[in-house]
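To find a chain, count down the sequence lines: A is the first, B the second, and so on, and within it residues start at 1. Reckoned from all heavy atoms, side chains included, excluding hydrogens, waters and symmetry mates. Bear in mind that the values here come from a model prediction, so they are computed numbers and not experimental data.
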2 protein chains.
Amino acid sequence: MARIKAVGTGSKKDTITKKAAALFRKKGFASTSMRELADNIGVEAASLYNHIGSKNELLQTICFTIANAFTIQLEKVAGTTASNISKLESLIRFHIQMMLRSYDEVFVANHEWKQLQEPFLTNFLSQRKNYENALVGIVQDGIKKNELKKLDPYVVVLTLLSAVRGLEFWQRHKKNLDATKLENDMVNHLIKGLIK
Amino acid sequence: MARIKAVGTGSKKDTITKKAAALFRKKGFASTSMRELADNIGVEAASLYNHIGSKNELLQTICFTIANAFTIQLEKVAGTTASNISKLESLIRFHIQMMLRSYDEVFVANHEWKQLQEPFLTNFLSQRKNYENALVGIVQDGIKKNELKKLDPYVVVLTLLSAVRGLEFWQRHKKNLDATKLENDMVNHLIKGLIK
DNA sequence: GTACAAAACTAACACTTATTAGTTTTTTTG
DNA sequence: CAAAAAAACTAATAAGTGTTAGTTTTGTAC
């Protein structure tokens with residue numbers, strides 16, 4: 001009946017993927033059925049398969065789109081001559097912005113990657129590990145150059161990454177806070193406290 | 001065949017719940033079947049129902065055991081005359097210890113509460129909201145009394161809660177870090193940076 | 001308007017799910 | 001050892017899963 005709308009420049013596959021991200025976030029990947037996704041789009045479940053390969057492919061697309069965005073930004077920032085502290089600040093701000101701009105997708109990449117099948121699961125984990133290691137490298141260098149407090153670099157990275165992840169909760173308080181103040185307060189808490 | 005072992009003082013229901021928490025953490029609630037849980041215990045799926053009411057009851061037990069532990073600790077700490085900053089530090093340390101002592105259960109409570117059915121879902125969320133609000137109150141009072149930097153109290157609480165949550169990642173680096181150093185470094189990062 | 005392609009539909013498949021009923025085995029109690 | 005209780009088993013149910021095949025409808029181009 002109702003055709004799947006391809007909004008703007010995006011394909012119909014993009015429309016489906018977007019809606020899938022929203023549902024996967026709200027209910028979890030395993031608890032979202034293809035019939036439910038189809039219902040939400042206004043179409044029969046079987047019709048989705050004219051546009052996508054499988055349910056798992058949807059998850060893969062979401063997870064790797066996000067992972068690649070972070071990887072690319074990391075490479076961009078790491079290649080500059082900025083101080084380690086400002087590299088960290090810049091990456092934290094990117095995390096915050098991604099969270100605000102692509103909430104559903106980032107959430108799904110953070111929470112539902114476990115449901116990826118091989119070899120995607122292994123790929124995803126190794127990409128994430130590389131990202132973490134690069135951050136640890138920045139912190140280590142910052143400590144060596146006396147920019148940062150002498151804390152365990154792993155703990156610092158873990159604390160930073162987890163804190164920005166917490167922006168998930170922010171959606172609940174959205175009304176009471178503007179994004180810029182949020183970003184600045186969080187960076188302030190995490191970075192200024194970090195500077196020696 | 002093989003009977004379900006009731007270890008120590010715990011009932012057989014406890015044994016099942018513990019194993020369920022481990023599986024729900026590893027694979028997610030929806031992706032863990034009762035057959036899989038039973039297999040892991042060494043028994044047929046139907047046999048589990050001699051000890052438990054339902055799959056959902058397992059999740060409820062896990063989520064509310066953890067939620068209650070945090071609520072009780074909050075009441076204990078809130079009732080003292082300690083400074084706000086040391087109340088916060090004490091609660092952060094409790095979070096860290098819970099994470100290290102009851103990893104699977106805390107993880108499941110943090111990630112799988114969405115799969116709770118009504119009215120448990122609503123109860124769980126309101127209990128969590130109360131907890132957050134109490135923390136916000138402590139931070140607000142701390143700011144008023146000039147103990148803490150003037151940051152948005154919601155953002156501070158969100159940052160703190162998310163950071164301790166990140167201890168999930170710690171399991172991966174367990175070998176390289178001892179628990180005490182971890183706890184102190186994290187508190188140092190989060191609190192010392194917070195003190196005016 | 002007719003041909004072609006895109007994308008919807010219906011119907012079905014093979015499988016898995018949580019859970020129940022009924023029965024048999026094992027353990028505990030007297 | 002016999003009786004009672006606990007806890008395992010087998011078998012089945014009804015519902016839901018992702019996905020495919022085959023068909024019909026819809027939109028587009030000449």
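- No contact: Ser31(A) has no heavy atom under 4.0 Å from any strand.
- A salt bridge is defined here as a Lys NZ or Arg NE, NH1 or NH2 lying under 4.0 Å from an Asp or Glu carboxylate O, and Lys87(B) with Glu147(B) fails to meet this definition.
- Note: His111(A) and Phe24(A) fail the aromatic proximity criterion, with ring centroids not under 6.0 Å apart.
- Closest non-hydrogen pair, Glu132(A) versus Val157(A), comes out as O-CG1, 4.3 Å.
- You'll find that the side chain of Met34(A) is closest to dT19(D), out of dT20(C), dT19(D), dT10(C).
- Residue-to-nucleotide proximity on DNA chain C shows that, of Asn50(B) and Asn56(B), the 5′-proximal contact is made by Asn56(B).
- Phosphate proximity of dA8(D) to His51(B): present, with a side-chain N or O under 4.0 Å from OP1 or OP2.
- In this structure, the CD atom of Gln115(A) is 14 Å from the C1' atom of dT17(D), given to the nearest Å.
- In this structure, CD of Gln60(A) is placed 15 Å from P of dG18(D), rounded to the nearest angstrom.
- Per the geometry, NZ belonging to Lys13(B) stands 13 Å off P belonging to dA7(D), to the nearest Å.
- At dG16(D), none of the side-chain N or O atoms of Ser33(A) fall inside 4.0 Å of OP1 or OP2 (strictly under the cut-off).
- Counting only heavy atoms from C-beta on, Ala46(B) has its side chain closest to dT10(D) among dA8(C), dT19(D), dT10(D).
- With dT10(C), dT10(D), dG18(D) as the choices, the nucleotide that has an atom nearest any side-chain atom of Glu44(B) turns out to be dT10(D).
- Interface remark: the Arg35(A) side chain does not form any donor-acceptor pair with the dG16(D) base, using a distance-only criterion of under 3.5 Å.
- Here the P atom of nucleotide dA5(C) and the NZ atom of Lys12(A) are 16 Å apart, to the nearest Å.
- Between Ser47(A) and dA7(C) there is no side-chain N or O to OP1 or OP2 distance below 4.0 Å.
- A straight line from CD of Glu36(A) to P of dG16(D) spans 12 Å, rounded to a whole angstrom.
- Annotation: cation-pi geometry not satisfied between Lys26(A) and Phe107(A) (NZ/CZ under 6.0 angstrom from ring centroid, within 45° of ring axis).
- The separation between Ile41(A) atom CD1 and dA8(C) atom P is 9 Å, rounded to whole Å.
- In this entry the distance linking CZ of Phe29(B) with P of dA18(C) reads 8 Å, nearest Å.
- As a whole-Å value, the separation of Tyr49(A) OH from dA6(C) C1' is 19 Å.
- A salt bridge is defined here as a Lys NZ or Arg NE, NH1 or NH2 lying under 4.0 Å from an Asp or Glu carboxylate O, and Glu105(B) with Arg25(B) fails to meet this definition.
- The phosphate of dT19(C) (OP1 or OP2) has no side-chain N or O of Lys55(B) nearer than 4.0 angstrom.
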